[in-house]
Structure formats: C-alpha cells, structure tokens
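The structure appears right after this line, and notes come after that.
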Amino acid sequence: MPSFCLIKSCLSLRDRLAGVGAWLAPVGLRLILAWEFFESGREKLRGENWFGEIMANFPFPFDRVPASLSWSLATWFELLGAAALLLGLATRFAAASLFALTVVATAAVHWPQDWMGLAQLAQGYAIRDSGAGNYKLPLIFLAMLWPLILGGAGRLSLDARLTRRAALPATAPRADLFGWGLVLAPFGLLVAMLLPAPGLALAGLGAAALLVGARRAPGCTLAPAN
C-alpha cells in the first residue's frame, strides 16, 4: 500500500509538472535565444559588412548569393526571428530559419577548415578559436532551437492564443514515416554543410521515409488521420 501511494504521488507530480510545463517549458529557450539573436542582428545593423571576406567559406548555395544581400538577409532574419521567438509567433518557422542561418554561420566562420578525424574535429568544440575552430556556442544554439522547431512555443505564446481564437483542432502528434521524413530530409541537408557524408545519408533516409510514408498514407498526406 505505501509503495502504491508513492507511485500515485509521483504520477500526480509528473502530471502537474507536465501541465505547467506546457505553459512554461519553452519560455526560457525563447527568451535567451531571442536576446542572443537580437544582439547579433543589432550588431550587423549598426556595423559594416564583413561577409565579403568570408564568402568563399559559405556552403553551397549560399556562396552564390552576393555579400550585400547575404548581410541584409542575415541581419533581418536575426532581428525578426528574435521578435518572433520573444512573442511566440510563427515560432516553428522562425526557429527553423534561425537554425539554418546558424548552420551556415557555423560552416563559414566557426567550423575548422581542415580536419582529419573526429579527434581533431573535437578540438573545435570550444568558445575561443585556437586554430581548430570554435563551434561550441553555435552548436548550443542549434540544440536550443531544435525543441522549438519540433514542439513549438508552448501555451504561453501568440501561436497558442491565435490557435484558440481560430478554434483550430487540438494537436494530434503523429510519429509516422512521413513525419520522420519531414524532419530528417531538411535536417540532413543542413548537416551535410558541415558533415557531408552523414548529412546526405540522413537526407536520403528522410527522402525514403517521405516516399514510403506518402504511399501508405490514405488521401491527403498532411491531413490528420480519421
């Protein structure tokens, strides 16, 4: 009996934390990321364009974009993305855009230019560049953006407010093949900018999941199941 009461109490605590977490869990990520990207965008807005010096390091196809346009896009994606994260508005799109921007910045500025093996690559996991890269901070940002892409802004957000006002159906999570493909295919292409072989493998796996999932899904693939 005591053990049953303990289990019941733990489950009750879990449920309450999950209930409050639906409101508050993503807020910390949104606030700190909003500030960091706002600072970065503000520095670009007030500073001089130095992208021309590193355009050769940009991954394809971003190396084909003029430096002036790249600078403007990066500046405004950071500023507007920061505002979107702060308000919780179009959160998944904003987080995905900033994720892609951070991957490009990592490839162009923070990733080691020449490395042989994982041991040498691991030396670049640092804040300061000592000649082996310094991708630790952008990697942390990527890890923080990831749950916002997949989980959204939480209930304390404009996204949730607009969803309630529009009386849209409640979320029905579906981890089917098509869903995995939607995540893995674009994620793999971004990873390929840093690690070509693993990234392309992930993208290929995602594309295969999309194809198989689309064939198995009845009717409109993105529509909720009956």
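Fair warning: this is a prediction, and the values are worked out from it, not measured in the lab.
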| query | When rounded to the nearest 0.5 angstrom, what distance separates CG in N134 from CH2 in W111? | reply | 11.5 Å
| message | List the residues meeting ring-ring contact (aromatic ring centres under 6.0 Å, His included) with W71, not counting sequence neighbours, and say none if there are none. | response | W50, F51
| field | Interatomic distance, F62 atom CZ to S70 atom OG [nearest 0.5 angstrom] | value | 8.5 Å
| field | N57 side-chain N/O to A107 backbone N/O, donor-acceptor pair under 3.5 Å | value | no
| Roughly how far apart are W180 CH2 and D176 CG, rounded to 0.5 Å? | 11.0 Å
| message | For R164, is the CZ atom crowded, meaning more than 12 foreign heavy atoms sit under 6.0 Å from it? | response | yes
| request: For residues 184-199, pull every pair meeting side-chain hydrogen bond (donor to acceptor under 3.5 Å, both in side chains), keeping only residues two or more places apart or in separate chains. | output: none
| message | Any non-hydrogen side-chain atom of I127 less than 4.5 Å from a side-chain atom of K136? | response | yes
| query | Would you say the side chain of I149 lies within less than 4.5 Å of the side chain of F187, judging by non-hydrogen atoms? | reply | no
All N/O donor-acceptor pairs, side-chain side in residues 11-22, below 3.5 Å, sequence neighbours left out:
| from | atom 1 | to | atom 2 | distance (Å) |
| --- | --- | --- | --- | --- |
| S12 | OG | R16 | NH1 | 2.1 |

| D63 side chain vs A56 backbone, donor-acceptor pair below 3.5 Å | no
| field | Partners meeting side chain to side chain donor-acceptor pair (under 3.5 Å) with T106 (sequence neighbours left out) | value | none
| task | With sequence neighbours left out, write down each residue that passes side chain to side chain donor-acceptor pair (under 3.5 Å) with S40, or none if nothing qualifies. | result | K44, E78
| Any chain of hydrophobic side-chain contacts (each under 4.5 Å) joining L210 to L190? | no
| request: Considering only Ile, Leu, Val, Met, Phe, Trp and Tyr, and joining two whenever side-chain heavy atoms are under 4.5 Å apart, list the other residues clustered with L211. | output: none
| said: Starting from L86, can I reach L89 by hopping between I/L/V/M/F/W/Y residues whose side chains sit under 4.5 Å apart? | reply: no
| task | Could you state whether V212 and L205 fall into the same hydrophobic cluster, counting links through intermediate Ile, Leu, Val, Met, Phe, Trp or Tyr residues with side-chain heavy atoms under 4.5 angstrom apart? | result | no
| When Ile, Leu, Val, Met, Phe, Trp and Tyr are grouped by side-chain heavy atoms lying under 4.5 Å apart, directly or through other members, which residues fall in the same group as F77? | V65, L69, L73, L101
| said: Suppose clustering is done on Ile, Leu, Val, Met, Phe, Trp and Tyr with side-chain heavy atoms closer than 4.5 Å. Which residues sit in the same group as L45? | reply: W35, F38, W76, L79, L80
| said: Contact between T102 and F37 at the side-chain level, heavy atoms closer than 4.5 Å - yes or no? | reply: yes
| Is there a path of hydrophobic side-chain contacts, each under 4.5 Å between heavy atoms of I, L, V, M, F, W or Y residues, that connects L182 with L184? | no
| note | residues 87-110 vs ring pair (Phe, Tyr, Trp, His ring centres under 6.0 Å), sequence neighbours excluded, gives F99-W146
Review item, side-chain donor-acceptor pairs of residues 150-158, under 3.5 Å, at least two apart:
| from | atom 1 | to | atom 2 | distance (Å) |
| --- | --- | --- | --- | --- |
| S157 | OG | G154 | O | 2.7 |
| S157 | OG | A160 | N | 3.2 |

| Is it true that atom CZ of R161 has more than 12 heavy atoms of other residues, nucleotides or ligands lying nearer than 6.0 Å? | no
| field | Pairs satisfying ring pair (Phe, Tyr, Trp, His ring centres under 6.0 Å), at least one member in residues 156-177, at least two apart | value | none
| field | For P147, side chain to side chain contact (heavy atoms under 4.5 Å, CB included) partners two or more places apart | value | L29
| task | Using a 4.5 Å cut-off on heavy atoms from C-beta on, say whether the side chain of V27 contacts that of R30. | result | yes
| query | So which heavy atom on P59 is nearest to which on V104, and how close? | reply | CD-CG1, 4.0 Å
| Spatial distance of atom CG (L189) from atom CG (L200) [nearest 0.5 Å] | 7.5 Å
| Does the side chain of M193 reach to within under 4.5 Å of the side chain of F60, using non-hydrogen atoms? | no
| field | Interatomic spacing from OG1 in T75 to CG in N49 - rounded to 0.5 Å | value | 8.0 Å
| Do L145 and V183 sit in the same hydrophobic cluster, where Ile, Leu, Val, Met, Phe, Trp and Tyr count as joined when their side-chain heavy atoms come under 4.5 Å apart? | yes
| task | Test L85 against every option in L148, I32, L31 by the side-chain contact (heavy atoms from CB on, under 4.5 Å) rule and name the one that passes. | result | L148
